[in-house]
Amino acid sequence: MEENNEIRTGYRISEFELCTTSEQFFKLGNRIAIEPQLFSLLHFLITNRANIVSREQIERVVWAGRPATDESIRAAIKKLRDLLGDNARAPLFIKTIPKQGYKWLASVEEITASSLEQKQQRKGFKPVLIVLMIAVLGLLLWIFSPKHLPEVSPQSTIDRLTTLSGSEIFADYNKASQQLVFLHRESNISAQQLYIKDLITNEIQRLSWDDKHYTDSFWSPDGKQLVFTSGFGPKVKHFVASFDENRNVTEVTPFEIMANTPKYILGWQIDQSGLWLADEVTNPTPHSIYRFDFTTQDIEPVSLPNVTGRGDYYAAQSKNGEQIAILREVENNQSSLIIVDLTSNDVIANHLLPFTANRMVWLFDDSGVIISNFFGQAATFKLANNGFAFDIDLPPNAIDIYASCGERCLILRQHNGDYLDLKEIPQPKLNQVNHSETPHLFNTRVLKKNGAQDLPLYVGERKALVYASLEANQLALTLLNNNNQEQDIISFDTPEGLSAIAASFDGDRIAGVVDGRLFIVNDIHSIKTAHPPKFVSKALERLENPVWHEDSVHIYLAHYVGNSPAIIKLNTQTNERSRIIDGFVSFKKNSDHKSAIAIDPSLMAWHLTKQDGQWQKVNALGKVHSANVHRWDYLGNVFYYTKLEQRVGLLCQRTIKAQTSLGAEQCTAIGKNMFRLNFDIQPNDSTLVMVESLSAQSDIIRLTW
């Protein structure tokens, strides 16, 4: 090993050392070649590790003010990650913060002359230490024979707590009663039912037996009561079930949550006086967290976020009752962890999340929290360290951590890994009855593709498809050509952030949006190897819902200034922009180019016509469930959109008969228990491609390490 005696000052990061006096880089004592620019970038990230560094700061410091493109900065970050052995999808050293820059994650030890002097003094003891170590080792081998040596425990152990056929999709654990409550459905068309398991006797019991859908089931802290919600769609009721000492249900008591907008239950308050609530997704943003009191029936907001994003969508109270941790979407696809002291109401932590999390649990000793998501990502935030660490290795297809069951013990869900697929069906003809005794046959493809996930899109007037695929936590855009051959054309660092894609009219180009940034892929049919997206918009601006102009050069987009949207038209060759109409978040023209449909932030769809060169509102078409361009379409004189009612996916349409005349809403079922209702209609109006939920199969597991 090469000795690094020349180092006098610098930094130590894990097995790496950075010498600032000689501008050299070492790994385990061996010098590693590093470009001067990469050295400067690494040094800049380390010395500013308490903050997020922007691309503008990197350009000013590392590039010394010389112009640097986003691509060149991303390339330098990638080289640095390769040098450190870092993974952009689960970073230990450098985290990309969408729209803001980069954050250094790893702990850093400063190397000073005095610390090196002590290190050199310690080196003098090496021969003596080696002799002593050999002597001690010999003594241990003499004392302990092999048969008395303890077995080496595995690094982690998985206990499968439920093995029912079908899917266990949520669980809550109570330490006092050693019981698990979980939701189960037998198939993807079944309603979720309530089950409990005694972790002492391993007995599983089913609690609910009707056809209602059960959600939001949580044990009270003492383990003697269970809160849950049941019903269909928005028509739900809330209940508390009480148990005796033999764990039999003795009483089921309904209660009402009286609020102007729908809420869902996050769990019990530690003193059992009430519940924690959050706003439903359909509520106006930004959302808040609330306390609900059983005695007074009062609802009190505990957070009032002033953000452009969704706001506060998840919360968990510490086991000692002293703090509450909140997940807050600050802006689109960017969230923060906020921890508040419930006595003083002071914010004691506020950190950007390393990924988008949908669940959070407190560590068993209340020293911090663990965040997780549906993609199997997990990270620990400890108050003492005031930062995130990726120190939990989840088993394959493990998702959604539900509870902490010990110092190194977690309750979570493990899926078989096959969630979604694509399905092509004949274009539904609403209100059309076939009275003929002869079966109606129609050719459609069977699209059973490994990893196919979402955003299916017909390309041009042919039957080629582009869709998002996910394999081994790696997201890609895949092209299925007319010869039924698959080719990945774009790959992404993380499995999240991709919100929409669009195909040009000539079928040669794809546009997409990741974390509010627009990328373009040219000549998609000639791509042989997938590559990262090339962004054509700035990192700090927010764009959504791309739709190509018929010339295959311009793109319509929703552009946000603050929280105010407008539809713009962007020239992909010159990057010139023009404003089309204010106040809308999604926009599609009809093939006659004289009319359009646009959706405003309240999800009201509007019929527009062009008058004197300007788009004007004609009439409202009704509210839709999503403004995403994959959830609605405008073909001919028909407005198509999807929605979910009582766990049934519906494709609906309204005919625009004249400028001021609308046909009635007509809907047909296209699937049950749909996770995603994205679709696309083939340009000749013959087939429809959609996302299909596969038969559910998952279990609740206990992970110990």
Side-chain angles (χ1 to χ4, degrees), residues 11 13-14 16 18 23-25 27 31-49 51-106 333-334 352 354-355 473-477 488-498 509-524 526-541 543 572 575:
Y11 302 92
I13 317 107
S14 184
F16 301 102
L18 186 75
E23 294 195 356
Q24 292 180 340
F25 186 58
K27 180 179 181 180
R31 190 167 61 191
I32 298 176
I34 185 171
E35 301 172 20
Q37 191 175 64
L38 290 186
F39 184 94
S40 298
L41 177 58
L42 178 58
H43 184 248
F44 182 59
L45 289 170
I46 290 173
T47 53
N48 291 273
R49 55 190 178 275
N51 306 306
I52 298 171
V53 297
S54 66
R55 289 174 172 83
E56 291 76 13
Q57 290 174 304
I58 292 174
E59 180 179 337
R60 185 172 65 252
V61 176
V62 179
W63 267 259
R66 300 187 305 275
T69 64
D70 286 346
E71 285 72 23
S72 61
I73 293 175
R74 281 198 299 272
I77 291 289
K78 185 179 185 305
K79 287 182 181 179
L80 204 51
R81 283 180 172 140
D82 292 342
L83 204 64
L84 296 165
D86 203 12
N87 186 341
R89 289 182 286 125
L92 297 175
F93 295 93
I94 304 170
K95 170 63 182 175
T96 301
I97 308 298
K99 303 183 185 180
Q100 297 187 56
Y102 301 95
K103 178 76 168 67
W104 182 265
L105 301 177
N333 293 319
Q334 182 58 63
L352 289 172
F355 54 81
N473 213 29
Q474 180 68 47
L475 186 69
L477 281 186
D488 289 347
I489 57 177
I490 286 287
S491 60
F492 302 92
D493 286 340
T494 65
E496 55 185 349
L498 178 65
R509 312 176 77 193
I510 293 291
V513 171
V514 175
D515 292 328
R517 298 193 69 188
L518 177 70
F519 67 86
I520 304 289
V521 188
N522 296 313
D523 200 10
I524 61 174
S526 64
I527 293 175
K528 303 299 181 184
T529 304
H531 54 83
K534 182 178 180 181
F535 292 102
V536 297
S537 65
K538 297 178 181 178
L540 297 180
E541 67 178 340
L543 302 171
T572 61
N575 206 32

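A quick note: this is a predicted structure, and the numbers were derived from the prediction, not measured.
- Atoms CG and CG, from Leu475 and Leu498 in turn, are 6.0 Å apart once rounded to the nearest 0.5 Å.
- What you find for Leu45 and Trp104 is that their closest heavy atoms are O-CB, 3.7 Å.
- Using the six-membered ring where Trp is involved, Tyr11 and His43 have ring planes that are tilted, between 30° and 60° apart.
- For Leu92, the side chain to side chain contact (heavy atoms under 4.5 Å, CB included) partners are Asp86, Phe390, not counting sequence neighbours.
- Across Ile32 and Lys27, no two heavy atoms sit closer than the pair CD1-CB, 3.2 Å.
- A donor-acceptor pair under 3.5 Å links the side-chain atoms of Arg81 to the main chain of Ile94, judged by distance alone.
- Nearest heavy atom pair, residue Ile13 against residue Ala106, reads CG2-CB, 3.8 Å.
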For the pair Lys79 and Leu41, evaluate side chain to side chain contact (heavy atoms under 4.5 Å, CB included) and give the outcome as yes or no after the intermediate values.
-> CA-CA 11 Å; Lys79 287 182 181 179; Leu41 177 58; over 6 Å; no
Report the C-alpha distance between Phe93 and Leu42 in whole Å, list the side-chain angles of each, state the deciding distance to 0.1 Å, and finish with yes or no for side chain to side chain contact (heavy atoms under 4.5 Å, CB included).
-> CA-CA 10 Å; Phe93 295 93; Leu42 178 58; over 6 Å; no
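- At least one side-chain heavy atom of Ile46 sits less than 4.5 Å from a side-chain heavy atom of Arg49.
- Minimum interatomic distance between Ile73 and Arg55 (heavy atoms only, all atoms of both residues): CD1-O, 3.7 Å.
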Audit row: Tyr102, Ile58, side chain to side chain contact (heavy atoms under 4.5 Å, CB included) steps and yes/no | CA-CA 10 Å; Tyr102 301 95; Ile58 292 174; 3.8 Å; yes
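- Ile524 contributes atom CD1, which lies 5.0 Å from atom CD1 of Ile489 (distance to the nearest 0.5 angstrom).
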Test Gln24 against Phe39 for side chain to side chain contact (heavy atoms under 4.5 Å, CB included), laying out the working first.
-> CA-CA 8 Å; Gln24 292 180 340; Phe39 184 94; 5.8 Å; no
Pairs of donor and acceptor atoms involving the side chains of residues 526-540, under 3.5 Å and at least two apart or interchain, shall be tabulated with distances.
from   : atom 1 : to     : atom 2 : distance (Å)
Ser526 : OG     : Asp523 : O      : 3.0
Ser526 : OG     : Asp523 : OD2    : 2.7
Ser537 : OG     : Leu518 : N      : 2.9

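- Shortest non-hydrogen contact noted between Ala511 and Ile520 is CB-CD1, 3.7 Å.
- Between Thr572 atom OG1 and Asn522 atom CG the span is 7.5 Å, to the nearest 0.5 Å.
- Summarising the geometry, atom CG belonging to Leu18 is positioned 7.0 Å from atom CD1 belonging to Ile34; distances are rounded to the nearest 0.5 Å.
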